[in-house]
Amino acid sequence: MEIRMAWGKLNPVYQDALQLRKDVFIEEQGIDPKDELDGTDEDKMHYVGYIDDEPVTTARIDMLAGNRVKIQRVATAEDQRKHGYAAELIKQIIHDAKRSDVAHVELDAQLTAMDFYKELGFEPVGDPFEEAGIQHQTVRYSGE
């Protein structure tokens, strides 16, 4: 898989990320477009994984205070799941964060995906909560 990344919205990587997010979060999961398209994409780094030049998985990152990175909007095309693409993408994000001496990598995982994130080295922090009508849990990367 080829992984591309770009800041902000004025690039083809963002357009591919946006389409994947619309397909997964708005169409498939029924999330309100106002919740998914939160108006903050301009200030984020967007990652997209490509197979044969076709976008298959995406995530965005937000740099937080305290030298932390928050992974957001992890999505994989429905017909491309169970191939390890999202795991590879997240591992690349973690690698990039470590190279930049980031103190913590975290994300708000949908509860249905908790096992996936635990396998990647994330551990739950705090209590579950609801976001956009879906139960989530904050997880922090604890692997090496």
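Just so it is clear, the structure is predicted and the values come from calculations on it, not from any experiment.
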Is it the case that the side chain of [X] and the backbone of [Y] share a donor-acceptor pair, with hydrogens and angles ignored and the cut-off at 3.5 Å?
X	Y	result
Asp23	Ala77	no
Asp41	Leu37	no
Thr57	Ala75	yes
Gln137	Gly126	yes

With a 4.5 Å cut-off on side-chain heavy atoms, are [Y] and [X] touching?
X	Y	answer
Val125	Glu106	no
Met5	Val48	no
Phe129	Thr138	yes
Val105	Ile71	yes
Arg99	Asp96	yes
Val13	Tyr50	yes
Leu89	Ile3	yes
Val139	Met114	yes

Non-neighbouring partners of Asp38 that pass side chain to side chain donor-acceptor pair (under 3.5 Å), sequence neighbours left out: Thr40, Arg60, Arg73
Ile134 with Ile26, same ILVMFWY side-chain cluster at under 4.5 Å: no
Inter- and intrachain pairs under side-chain hydrogen bond (donor to acceptor under 3.5 Å, both in side chains), touching residues 113-128, at least two apart: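 Pairs touching residues 113-128 that pass the test: Glu123-Ser142.
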If you round to the nearest 0.5 Å, how far is [atom2] of [Y] from [atom1] of [X]?
X	Y	atom1	atom2	value
Asp35	Glu131	CG	CD	8.0 Å
Asn67	Asp101	CG	CG	7.5 Å
Met1	Ile51	CE	CD1	6.0 Å
Tyr14	Met45	OH	CE	14.5 Å
Ile90	His95	CD1	NE2	15.5 Å
His46	Ile61	NE2	CD1	9.5 Å

Pair Glu54, Gln80: side-chain N/O donor-acceptor within cut-off below 3.5 Å: no
Given Glu36, Glu27, Glu28, the one that forms salt bridge (Lys or Arg N to Asp or Glu O under 4.0 Å) with Arg21: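 Per the salt bridge (Lys or Arg N to Asp or Glu O under 4.0 Å) rule, the option paired with Arg21 is Glu36, out of Glu36, Glu27, Glu28.
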For residues [X] and [Y], report the shortest heavy-atom separation together with the two atoms involved.
X	Y	result
Gln135	Pro128	OE1-CB, 4.0 Å
Phe122	Tyr141	CD2-N, 3.3 Å
Leu120	Lys91	CD2-CE, 3.6 Å

Stepwise side-chain contact (heavy atoms from CB on, under 4.5 Å) check, His104 with Val69: CA-CA 6 Å; His104 297 288; Val69 164; over 6 Å; no
Within 6.0 angstrom of Lys70 NZ, more than 12 heavy atoms from elsewhere: yes
